[in-house]
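Below: one structure, written as structure tokens.
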Number of protein chains: 2
Amino acid sequence: MTRDAAARQEIALLLRRLNVELDAVGQRFAERHGLNRTDVRALVAIMDAARRGEALTAGRLGEAVDLRSASVTALVDRLEKVGHVRRVRDPEDRRRVSLEMSDSAMAAGAEHFGGLARDLVGAMAAYTDDELAVVHRWLEDMTAVIEAHARAGGPPGA
Amino acid sequence: MTRDAAARQEIALLLRRLNVELDAVGQRFAERHGLNRTDVRALVAIMDAARRGEALTAGRLGEAVDLRSASVTALVDRLEKVGHVRRVRDPEDRRRVSLEMSDSAMAAGAEHFGGLARDLVGAMAAYTDDELAVVHRWLEDMTAVIEAHARAGGPPGA
DNA sequence: TCAATTATCTCGATGGTCGAGATATTAACG
DNA sequence: CGTTAATATCTCGACCATCGAGATAATTGA
């Protein structure tokens, strides 16, 4: 079945390399704005939620970035101090603290990550719809395999 | 030119999702072995070098994972304490400290990451060589775009 | 031999993360 | 209502990864 195993291995390596470069984009954004990686992950989570029309609470944010409540407090303190987010007490359940991104932070994120997305889409103009259908299927298949590893942890032997 | 822009945007989102899952694999490996993310990156760098037939020195490792010498010392201390690496004074230049992975660490890494690579290659058996050629080209193109962003940092406006 | 360079390590300080517990709010129930 | 349990967030103290500055050791060149 494996006509050319070497080519398939090379693709796996290409994928890893892409992953490294993608991480570097986040790293660069962090350096540019004086943030650490956790802060960037948090901002991305908040932006994603905002795009879905939801406002994250401190607790939900902690789940999204896998931090305990103490760390979330410190995290939001940092983001609030530099003006990237605002704490807003939820009027319906005043135990909750909703997080709202400032316009400037939203703009910076959209510029950086949105710009990348735009360029990626632009580069895909060189592909036919049929070719992109193949890529789409491949990404879904690979993600499923990776997801299984991330969840199950070790290989079947364990 | 863009026959279906929505499909292209969806692919960009799929790619980001894959990136997240791929990071989770490293995270899982770290938890399983009581390591932090830096330690895992270091072990991967040492493994990659070993695969190329080179033995990393402390300094080279620091460049690979972007840490100062003080941090590298602490890092290697941690890895050595749990028996994943050995410090070996280079007999030709005794200022240098070469890092050698223990067999157990090498085996654990090969099992975890090698297993993933194997499964990825296995999943690619469902693709024709022509289809994989498209994927290959696409990965190279996307990596180039991402690389440009990671290097140049911000978008053209900056 | 002596000075300059290179490679690594030591030390003290900074900062992110966490566990345990405190505080405030809401929900459940008699 | 009043009391208790559950939920959401915050405070406090401690741990550990990282770093900058400087120390130590080895090599190179004159």
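Quick note on labels: first sequence line is chain A, next is B, and so on, each numbered from 1.
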Just the rounded figure in Å: distance from [atom2] of [N] to [atom1] of [X].
X	N	atom1	atom2	value
A:Arg87	D:dA8	CZ	P	16 Å
B:Leu56	C:dA7	CG	P	14 Å
B:Asp77	D:dA17	CG	C1'	12 Å
A:Leu79	C:dG15	CG	P	16 Å
B:Leu99	C:dT8	CG	P	8 Å

Applying side chain to side chain contact (heavy atoms under 4.5 Å, CB included), name anything that partners B:Glu31, two or more places apart in sequence or on another chain.
B:Gln27

Kindly assign one of parallel, tilted or perpendicular to the pair B:His112 and A:His149, based on the angle between their ring planes and the thresholds 30° and 60°.
perpendicular

Does B:Asp66 form a salt bridge (Lys or Arg N to Asp or Glu O under 4.0 Å) with B:Arg41? I'd like the steps, not just the answer.
CA-CA 10 Å; B:Asp66 194 34; B:Arg41 287 181 61 200; over 6 Å; no

Measure across B:Thr143 and A:Glu21 and return the closest heavy-atom pair with its distance rounded to 0.1 Å.
CG2-CG, 4.1 Å

Closest heavy-atom contact between A:Leu56 and A:Ala49?
CG-CB, 3.6 Å

Does this structure show an ion pair linking A:Glu100 with A:Arg87, if we count only N-O contacts that are shorter than 4.0 Å?
no

Sugar-phosphate atoms are those with a prime plus P, OP1 and OP2; base atoms are the rest. Using that split, label each nucleotide of nucleotides 16-28 of chain C B, S or - for protein heavy atoms under 4.0 Å, 5' to 3'.
SBBB-----BS--

Checking all strands, does A:Arg60 fall into the base, sugar-phosphate, or nothing category for heavy-atom contacts under 4.0 angstrom?
nothing

